[in-house]
Number of protein chains: 2
Amino acid sequence: MPKSSNATEIREVMKNEGLRITPQRFAVYANLLRREDHPTVEQILEDVNADIPIASKASVYSALTILREVNLVREVLLDEGVTRYDANVNPHHHFVCSDCGAIHDLAWETFNCFDLSQLSDGLQAESYEVTVKGLCQSCQ
Amino acid sequence: MPKSSNATEIREVMKNEGLRITPQRFAVYANLLRREDHPTVEQILEDVNADIPIASKASVYSALTILREVNLVREVLLDEGVTRYDANVNPHHHFVCSDCGAIHDLAWETFNCFDLSQLSDGLQAESYEVTVKGLCQSCQ
DNA sequence: TTAAATGCAAACTATTTGCACGTAA
DNA sequence: TTACGTGCAAATAGTTTGCATTTAA
């Protein structure tokens with residue numbers, strides 16, 4: 001479900017992380033909060049500049065970089081050569097439609113039966129993430 | 001464990017897939033079969049040309065593309081912006097060391113407790129893959 | 001013999017960087 | 001006021017493509 005954040009709340013969150021609030025950063029973060037489709041930089045750029053041009057590509061990159069550093073957004077790397085972004089930083093997994101490419105979040109609890117203490121070769125696990133591929137509802 | 005394939009066996013496998021066997025393709029596939037470190041194109045290129053130059057970058061790309069098409073190798077996408085390749089096409093998972101970046105294969109059976117029929121939103125799962133992050137033995 | 005692969009260089013895409021100018025605090 | 005962010009354009013990295021030449025079968 002999309003987080004219902006108003007402008008004031010968003011500003012508050014950013015301020016709490018010590019971020020200087022510029023129109024560009026605000027637009028990028030607000031945009032990511034309002035959508036669930038794990039957009040690419042290009043998509044964020046288009047969306048943010050839809051009405052009036054507000055941010056350059058370089059600024060979107062820089063906004064995303066700093067938002068990632070303070071852990072307000074995270075990267076999602078799936079099967080292409082493009083980085084996608086997600087304002088949902090809670091642990092969760094991903095479903096990718098092998099037909100249309102749409103990405104859906106899967107609740108963390110979907111896969112919680114692992115015993116990570118049992119890995120081979122003395123590997124010490126810290127976290128894990130599951131990517132499921134298949135067909136989304138509209139592509140079946 | 002590295003597959004112990006001799007030249008004749010490798011040729012046989014490639015021929016079975018209907019591939020024309022060129023020195024470049026052979027070198028790329030043999031190289032991938034002999035290593036387990038999920039190399040990038042750059043690394044394959046260096047390794048294959050270590051003694052005498054045998055393949056151009058374009059040929060390595062094209063060899064990998066066709067080997068992927070016939071399912072003799074697969075791409076591995078992890079946390080960077082680089083594609084890595086793997087001659088192990090059996091289902092398995094990956095462990096990535098968050099310190100040195102080394103990649104280890106994890107046996108499929110490590111995570112086999114999923115009920116994929118129970119996904120939300122009418123999603124129809126076909127496959128899944130787990131990526132574990134942590135510290136490898138030498139980085140602990 | 002010939003359809004298909006190679007190698008080079010140029011093109012392309014995603015991302016990063018340098019620097020003059022602008023602005024949030 | 002000023003340290004920090006923005007925007008542009010140029011640089012870089014990874015990958016793809018076009019085309020003339022070579023080669024596996």
Side-chain angles (χ1 to χ4, degrees), chain A residues 7-8 10-31 38-49 52-70 72-85 101, chain B residues 7-8 10-31 38-49 52-70 72-85 101:
Chain A
T8 314
I10 297 176
R11 274 168 211 283
E12 207 55 48
V13 172
M14 293 175 75
K15 204 171 289 180
N16 285 343
E17 298 297 336
L19 293 190
R20 225 160 118 170
I21 297 165
T22 67
Q24 292 79 0
R25 283 183 187 173
F26 178 84
V28 168
Y29 186 43
N31 185 258
H38 308 72
T40 63
V41 169
E42 208 58 48
Q43 292 169 329
I44 297 169
L45 191 64
E46 276 173 30
D47 207 9
V48 145
N49 289 335
I52 35 162
I54 182 177
S56 69
K57 187 176 287 197
S59 299
V60 172
Y61 272 106
S62 118
L64 289 169
T65 301
I66 202 161
L67 286 164
R68 205 177 51 209
E69 278 169 8
V70 299
L72 286 183
V73 311
R74 68 150 149 168
E75 291 185 343
V76 179
L77 267 132
L78 300 168
D79 258 11
E80 332 127 283
V82 210
T83 306
R84 295 178 171 276
Y85 290 87
Chain B
T8 315
I10 298 176
R11 273 169 213 285
E12 207 55 47
V13 172
M14 292 175 75
K15 204 171 290 178
N16 285 343
E17 298 298 336
L19 294 189
R20 227 160 117 170
I21 296 166
T22 67
Q24 292 79 2
R25 281 183 187 173
F26 177 84
V28 168
Y29 186 43
N31 185 259
H38 308 74
T40 63
V41 170
E42 208 57 48
Q43 292 170 329
I44 297 169
L45 192 63
E46 278 173 28
D47 207 7
V48 146
N49 289 335
I52 36 163
I54 182 178
S56 70
K57 187 176 285 196
S59 300
V60 172
Y61 272 106
S62 119
L64 288 169
T65 300
I66 203 161
L67 285 164
R68 206 177 49 208
E69 277 169 8
V70 300
L72 286 182
V73 310
R74 69 150 150 168
E75 291 185 344
V76 180
L77 267 131
L78 299 167
D79 256 11
E80 333 127 285
V82 210
T83 306
R84 295 178 170 276
Y85 290 87

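Sequence lines set the chain letters: A, B, ... in the order given, protein chains first and strands last, and positions in each chain run from 1. Only heavy atoms go into these numbers, but all of them, side chains included; no hydrogens, no water, no symmetry mates.
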Under 3.5 Å donor-acceptor, B:E17 side chain and B:M14 backbone: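 Absent.
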B:R25 side chain to B:R20 backbone, donor-acceptor under 3.5 Å: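 Between the backbone of B:R20 and the side chain of B:R25 there is a qualifying donor-acceptor contact (under 3.5 Å).
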No-H, no-angle donor-acceptor pair, A:R20 side chain to C:dA24 base, under 3.5 Å: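 Check passes, donor-acceptor contact within cut-off.
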[X] vs [N]: side-chain N/O to OP1/OP2 distance below 4.0 Å:
X: A:Y61; N: C:dT16; result: no
X: A:S59; N: D:dG7; result: yes
X: A:T40; N: C:dA14; result: no
X: A:Q24; N: D:dG7; result: yes

Just call it for [X]: base, sugar-phosphate, or nothing, with non-hydrogen atoms closer than 4.0 Å on any strand.
X: B:A63; result: nothing
X: A:I54; result: sugar-phosphate
X: B:T83; result: sugar-phosphate
X: B:S62; result: sugar-phosphate

How close or far is atom [atom2] of [N] from atom [atom1] of [X], stated in whole angstroms?
X: A:I66; N: C:dT17; atom1: CD1; atom2: P; result: 14 Å
X: A:L77; N: D:dG14; atom1: CG; atom2: C1'; result: 14 Å
X: B:L64; N: C:dA5; atom1: CG; atom2: P; result: 14 Å
X: A:L19; N: D:dT6; atom1: CG; atom2: P; result: 11 Å
X: B:M14; N: D:dA25; atom1: CE; atom2: C1'; result: 14 Å
X: A:Q43; N: C:dT15; atom1: CD; atom2: P; result: 11 Å

Closest to the [X] side chain, choosing from [options]:
X: A:P23; options: D:dT6, D:dA25, C:dA24; answer: C:dA24
X: A:S56; options: D:dC8, C:dA9, D:dA24; answer: D:dC8
X: B:I21; options: C:dA5, C:dG7, D:dA25; answer: D:dA25
X: B:K57; options: D:dT6, D:dT15, C:dA14; answer: D:dT15
X: A:T22; options: C:dG7, C:dA14, D:dG5; answer: D:dG5

Residue whose closest nucleotide on DNA chain C lies nearer the 5' end, A:K15 versus B:A58: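 By nearest-heavy-atom nucleotide position, the 5'-most residue is B:A58.
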Pair B:R74-B:Y85, side-chain contact (heavy atoms from CB on, under 4.5 Å): steps then yes or no: CA-CA 6 Å; B:R74 69 150 150 168; B:Y85 290 87; over 6 Å; no
Atom pair CG (B:L19) and CG (B:L72), whose distance is rounded to the nearest 0.5 Å: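 Going from the CG atom of B:L19 to the CG atom of B:L72 covers 6.5 Å.
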Atom pair CG (B:L77) and OG1 (B:T83), whose distance is rounded to the nearest 0.5 Å: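 Spacing of CG (B:L77) from OG1 (B:T83) equals 5.0 Å.
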Residues A:L64, A:R68; criterion side-chain contact (heavy atoms from CB on, under 4.5 Å); working and verdict: CA-CA 6 Å; A:L64 289 169; A:R68 205 177 51 209; 5.8 Å; no
